[in-house]
Each structure stands twice: as structure tokens, then as C-alpha cells.
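In what follows, a structure is listed as C-alpha cells, so that the remarks can point back to it.
Every number for a ligand or one of its atoms is a count from 1 in the order of the listing.
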Amino acid sequence: MDRLTLYIGNKNYSSWSFRPWIAMTAAGVPFEEVLVPFDMAAGNPRFREFSPTGQVPLLQHGSTRVWQSLAIIEYVAELYPEAALWPKERDKRAVARAVSMEMLAGFRALRGACPMNIRRPKSKIVLADGVMADVSRIETIWRDLRAHSGGPFLFGGFSAADAMFAPVVNRFETYDLVTTGDTLSYMAAIKAHPAWQAWEDAARAEPWIVEEDEA
Ligand SMILES: N[C@@H](CCC(=O)N[C@@H](CS)C(=O)NCC(=O)O)C(=O)O
């Protein structure tokens, strides 16, 4: 099989890069990572060299290019069915995809006001309208799914749905947005995952500051 190459942005900030990266890493899927740092001032021209949208992440597999974080995860799940990126049961798989798409398309207030920033020390910020409604909906998703599955992750074992929400765990922590015990216990489970820790260590070691993402 051709090797998989995942193009990503800065680990400290690139929440969309983090999703397929943690899904593939947690599932043990072999891939090569190419990190291209953001150059916001210039409009990220290097991203256009490999990505039709000019954005990261992008997965290259032979002559096939896949952009969009969730499409990348779906492609890898088809290539490696034994890695079980999605839950095995069809009904659970459907719900996992539904909440993943809710993440991909929604929670714009939270995403806009509270950028993922792994290095940022925990502190509250003044929140824009709509942020706490997003937080509340996400807490409900996590609570209901874990109550059903028994945890520690949304569908029991770590799945693509957890990968799609992983950057939110950082946002909730960094901006001190949540206090509910069940939410904090899910966040602790995600942060204890070796794949999370590997990403976090690399993010902390990065030298770059992206002003646009410093809330
Ligand atoms: N919906 C896309 C979002 C991709 C995206 O917004 N990527 C950001 C980095 S996290 C980016 O490349 N920004 C640079 C730019 O837009 O110039 C996905 O899921 O992959």
C-alpha cells in the first residue's frame, strides 16, 4: 500500500489538523506527518502547494488527495477497517457520525471565541454571545453518550467521534469553561490518552506564536 502522508499546521493551534492526527495515531495507523507552520500574514501560501483549499489538514495517499478532517478520517477508516475508527454497531456508528458532523459544521461561537491553544495558561476570557450555549450542547452530547456506553470515551473505546471533539477538551480547559464532574472526567480520560500527550508535548515545544489565535 502507498504510504499515507498527513499535512498539518502548528500543533499548538491547528485544531482541524489535530482531529485526523489523533484518530490515526490512537488507532495505530502508520503515517508520515508533514508540519507546515502557519504564515497568516502572507495568507498561508505554502498550504496551496499541496492543498486545493489552501488549508490543512490534507491527506496524500499515492495520487489521491483528501482534504477536510472528517473526510480524511472516513478515508482512513475504509483503508484500515481493522483499526475500528468508528463503533462497530450501525446505530452507534450513525450517532458517532452525527455528533462528528455537528462538530464539523457547528459550535461556531465557541470555535470563534476560544481558539485551541495548547500552551496557553488556563484563564477565563470575556465570552461572546452563544459560547455557553455551545458548551452546554457539547456537555449534553458527552454526558448522554458516556452514560449509554459506560465510557471512558464517547462510545466506550477511543473512536473517531472522540477525535473530532479532542480540540474542544483543550478549549474547555484553557478558557476554564466547565465545572461539571462528568465533563471533567471525560476530559481527563482524553488528556491521559498517549496520543493526546504526544501531540501536547510537541505543541509545547513549538516556537511559533500566531497572534490571530491568541484570545
Ligand atoms: N473544515 C476544514 C477546516 C480546515 C481549516 O479551517 N484549517 C485551518 C487550520 S486549523 C487552516 O488551514 N487555516 C489557514 C487558512 O485558512 O488560511 C476541515 O475540517 O479540515
Got the closest protein heavy atom to [atom], with its distance?
| atom | answer |
| --- | --- |
| atom 2 (C) of ligand 1 | Q68 OE1, 3.2 Å |
| atom 14 (C) of ligand 1 | N44 ND2, 3.3 Å |
| atom 12 (O) of ligand 1 | V56 N, 3.0 Å |
| atom 10 (S) of ligand 1 | S14 OG, 3.2 Å |

Considering R111, Q55, R48, R19 one by one, which has a heavy atom nearer to atom 16 (O) of ligand 1 than any of the others?
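Comparing heavy atoms across R111, Q55, R48, R19, the nearest one to atom 16 (O) of ligand 1 lies in Q55.
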Under 3.5 Å between any N/O of S15 and any N/O of ligand 1: does that happen in this structure?
no
Heteroatom proximity flag, S17 to ligand 1, N/O under 3.5 Å
no
Does W67 sit in a hydrophobic cluster with other residues, and if so which ones, taking ILVMFWY side chains as linked at heavy-atom separations under 4.5 Å, directly or through other members?
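Result for W67 is Y7, Y13, V34, V36, F38, M40, F47, F50, V56, L58, I209, V210.
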Using side-chain hydrogen bond (donor to acceptor under 3.5 Å, both in side chains) as the criterion, point out the one residue from N12, N170, D213 that pairs with N117.
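Looking at N12, N170, D213, the match for N117 under the side-chain hydrogen bond (donor to acceptor under 3.5 Å, both in side chains) is N12.
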Give the numbers and elements of all ligand 1 atoms closer than 4.0 Å to a heavy atom of S69.
18 (C), 19 (O), 20 (O)
Ligand 1 atoms nearer than 4.0 angstrom to some heavy atom of L104 are 19 (O)
Does a salt bridge link [X] with [Y], judged by any charged N lying under 4.0 Å from a carboxylate O?
| X | Y | result |
| --- | --- | --- |
| E200 | K191 | no |
| K11 | E33 | yes |
| E89 | R93 | no |

Distance only, no hydrogens: is a donor on one side chain within 3.5 Å (strictly under) of an acceptor on the other, for R146 and S185?
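Per modelled atom types, R146 and S185 side chains form a pair under 3.5 Å.
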Do E74 and W86 meet the criterion of a side-chain donor-acceptor pair at a distance under 3.5 Å?
yes
Determine whether the side chain, the backbone, both or neither of W67 has a heavy atom under 4.0 Å from any heavy atom of ligand 1.
neither
Report the residues that fulfil ring pair (Phe, Tyr, Trp, His ring centres under 6.0 Å) with W199, sequence neighbours left out, ordered by chain and then residue number.
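Partners of W199 by the ring pair (Phe, Tyr, Trp, His ring centres under 6.0 Å) criterion, ordered by chain and then number, come out as F18, W21.
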If you measure from each heavy atom of Y13 to ligand 1, is any distance below 4.0 Å?
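The answer is no: ligand 1 sits nowhere under 4.0 Å from a heavy atom of Y13.
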